[in-house]
Every structure is written in structure tokens, then in C-alpha cells.
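We use all heavy atoms of the structure for the numbers below, so side chains are in, but hydrogens, waters and symmetry mates are not. Just so you know, ligand 1 is whichever comes first in the structure, and atom 1 is the first atom listed for that ligand. Keep in mind the model is a prediction, meaning the values are calculated, not measured.
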Amino acid sequence: AKVIIVGASHGGHESAIELLDKYDNVDVTIYEMGDFVSFMSCGMQLYLEDQVTDVNDVRNFRPEDITSKGGNIFNNHQVTAIDVDQKQVTVKDLKEGTEEQVAYDKLILSSGVTPKNLPVPGTDLENVYLMRGYDWATKIKAALTDDSIKNVAVVGSGYIGIEAAEVFAKKGKHVTLFDFIDRPLGNYLNHEMTEIIDKTLTDNGVQVEMSQSITAFKGDGKVASVETKKGSYPADLVIQAAGVQPNTEWLKGVVDLTDRGFINVDGYLRTNVPDIFAVGDAILPLSIPAGKPSPIALATTARREAQYVVNHIFEKKPTQIFKGVVGSSALHVFDEHFASTGVNEFTAERSNVEIVNSHYVDHIRPAYVPESEGNVRVDVDITFDPHTHIVLGGAVLSTCDLTAQGNVLALAVEHRLTLEDLAEADFFFQPGYDRQWSLINLAAQHALGYAR
Ligand code: FAD
């Protein structure tokens, strides 16, 4: 069987590797329109902060990783059309300008998304950047050491914008962080935790400008200011990290798309066209806690979707439905570390899911351990269904690294555990690490109203 994969990022890589490892006699070909194969944007911050040696190492795989297993990969090759009757794709060689028709038995789409320019004047000015992929990463890296850039405006306070703000602030630039929502990371964390994030950003010199609506970028050739409904802010560089566009223009009229251009898939990650599957950021996967398709654009979800597709791709009638994803992320914001999972106040409202959130504050270790020994404040959110007590989301935040506890909450959400389950769960105790009851036990007990 011949399988064609569109896009060589997380979804494309996982699909190819799984196909080559799991099946004999499968002819696997990846087409990637970019020049650099599989830049890992998740690793961009490490690169920008000089924690990796070479930009060419920040990738998911090298072409040899696929060809050595018998697969094929073509960079600078864009898939521009699908002929569903002939089961062929049109592939354009972007270097040569030539086109060919290539037959497929199965087609996996992992064409992802592209960050969007804001719909305001001035996005074409010099020094107005986006943040994704190899080319932008190298440009941002150069800007970090450009002394003529003093004021940096970051638009969008999701995790990508926060990464940008932190990187530039650490390089001594004056950073202004804008968002139209009212709190930084408001899509990821509930308000008690975003207050801590807001304070941390401010303490580290980032000017946090929330509830701001950008009206224009202004400058003479090069950007000089960001204009909002409230005022004008100097900016020698703008990083736009506010919104994405699925790379699906070329599928219009052939593959069903949502009104925002995401690929519509069924419970088996199949498109409306037989033998065409879609994974990754270009789809809206089923969110387990929300119970409906949701925008969860993560490498982790792309990989799970790709694995599922490959496992079932040759079944005549798939029986096992894709169970969905939880959506978990972790990040450090200067000295704070957080991990969040499932739904929160913001995403639950967007998905019309009824929730209650319980916010628990404690110290990580027994009271006799001094703060200087790492007995620091910890914040835990558990978000749950008020009727069934099923855990639908949660987050941990501290200056100590609690992110592994975030995965405990992620597992609880995936397996639909209740507050009662977490309150009693048999976790370890060792005073070098935690309290007599483990943090997640305590947070769940708190949510259930236990007095302690
Ligand atoms: P994409 O990564 O969007 O890649 C799609 C690929 O398809 C591109 O290479 C594109 O050139 C190619 N393509 C598109 N159309 C065509 C076509 N017609 N023909 C040929 N090729 C085509 N996720 C995490 O889980 N953890 C993190 O820490 C994390 N950090 C991130 C940090 C940053 C700065 C960014 C930008 C993202 C981060 N993500 C993270 C998200 C993660 O990168 C994405 O979820 C993931 O890359 C999605 O993979 P994908 O395969 O769907 O598509």
C-alpha cells in the first residue's frame, strides 16, 4: 500500500515512523513544503536562550531517520491538490517549479497551521515578526542581540507569547505584553494563578497590558510603535503570537472544513473523503473533558492522533473510536513553573461545560522544613463537574518544579476519576519531597471541603 503524508512536523513524523515500524510492505512518502525538515518550535525557547548548540539540531527528525527505515521524504515539495476520484495528489517541486501527479492508497494530512498577522495596518513593516518554524526562529535569535532593538512588543499572552516575552526580558529589552483578554495565560490558567503570573512578569520588568485592542503598527518602513485603543507604545520589534490559520486553503471544495478552515474529522479521524485522514493542529480533536471537538494545538495531541490513525488505517471498518485528548501543557515563567490540563474557567465557558474550580494553597513539605530548604508555596487547581465530581481539569504552580503532578491530574481527567478518587489515591510520602498526604490528595480533599 502507498501512504502519502502531507507535512513533516509532529503529526507527519509520528505517522511515518509508526507506519514504517508497524507494517511490512508499506510505501511511505512525506511531502514537506518547507526547506528545513521538521523544525521543533517547542524547542525554540531553548534555542533562543542558548541552551542548545545549533539551530539545525532543533528538530523532530533528520531526513535520514525516515530514509534509513525505507521511507521517502521530499522537502521543498508542496502538495497543492487532491484528485479524489483518481486517488492522486498534485505535488509541486518548489525549487524546480515542476509538478507531478502521485497516486496514493491512503493519505494522511498533517499540514498544521501558520501564525496569523493581526488584521490591522502595519503588519508589513520591517521588524513585525511571527513566532513559529525555522525562519522566524533564526530572525528572532538575531534580534535578541541587536542593540538597536530596545523596546519589544509581544502581542498575545498564550504560552508562545509568554516564551517570547521572557526571552527578550532576560536579554535586557523592555518588553510590553499585550492581549485583548484580561489576564496573561488566561486560556490556560484560572484567575488565582494568572494573578501570580502577572506579578512575576511585572517583577521581571515585563509591562503587562491586558484588555488591550491593537489598532495599528506604525513606523516609517520599520515598526516604531504599537497603537491601541488606549494609547501608543514604543516598539522596535513586534512579535505577533495571537492566532493561527490552518494550512488548508488548498483543500477547499474537496475536504470538508469548518468555517475557520480546520479539517472536519469523524470519531475515527477520517475526513469526508474515503482514505483521507487528518491529524495535528489542522483539526479540532475531541476533548475528553469538554466532550466535543476543541482547539487543542499541541505536539502531544498530534502524535497521539497520528498513532491512532496508523493503528487503524488499513482496517476496512474501524471499530475502536479515537478516545480523544486531554490537552496538557507546562511552562516556566521566570521562576514560576506550571502545568495545566483539561478545561479551566475560560475554556469550560467557551465549550459550555458546567464546572466548579477549587483553588488550594499550601506548602509542599511538612511545616518544620524551612522555606530556605525548598519548602515553598504551591498552588493547585482542580476543576470538576459539580454534579458527578469528575475531574475535568487542573493545574499546579510553584517556584519548585511540580510539573509531574500536572501529569497526575492529566491522567485523572483522561480516566474520568472523581475528587473522591484523588482524595484517597495512594501516593507516596517522604518529607524530602512532600507532606504526609500528597499534594494532589490534599487539593482533592480541600475541594471536597475536608477541614485540615
Ligand atoms: P505543524 O507543526 O504546523 O507542521 C505542518 C507542516 O506541514 C509544516 O512543516 C508545513 O510546512 C507543512 N505543510 C503545510 N501544508 C503543506 C502542503 N500543502 N504540502 C507540503 N507541506 C505542507 N506543543 C507541545 O506539545 N509542547 C510545547 O512545548 C510546544 N511549544 C511550542 C512552542 C512554539 C513557539 C510553537 C509555535 C508551538 C509549540 N507547540 C508545542 C505546538 C506544536 O508545535 C504543534 O502542536 C505541532 O507542531 C503541530 O504539528 P502538526 O504536524 O500538526 O503541524
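For an aromatic pair to be called close, the ring centres must be under 6.0 Å apart, and Tyr268 with Phe322 fails this.
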Can you list, pair by pair, the side-chain donor-acceptor contacts under 3.5 Å of residues 284-300, counting residues two or more places apart and other chains?
from, atom 1, to, atom 2, distance (Å)
Ser287, OG, Ala290, N, 3.1
Lys292, NZ, Ser351, O, 2.4
Ser294, OG, Lys292, O, 3.0

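Between Ile30 and Asn72 the shortest side-chain heavy-atom distance does not fall below 4.5 Å.
For a heavy-atom separation below 4.0 Å, the residues in contact with ligand 1 are Val6, Gly7, Ser9, His10, Gly11, Tyr31, Glu32, Met33, Ser41, Cys42, His77, Gln78, Val79, Ser110, Ser111, Gly112, Val113, Met131, Arg132, Tyr159, Ile160, Glu163, Asn247, Trp250, Gly280, Asp281, Ala297, Leu298, Ala299, Thr300.
Every residue two or more places apart in sequence or in another chain was checked for a ring pair (Phe, Tyr, Trp, His ring centres under 6.0 Å) with His10, and none qualifies. Not counting sequence neighbours, Lys95 has no partner by the side chain to side chain donor-acceptor pair (under 3.5 Å) test.
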Task: Full working for side chain to side chain donor-acceptor pair (under 3.5 Å) between Asn60 and His13 - done: CA-CA 7 Å; Asn60 292 303; His13 176 222; 5.1 Å; no

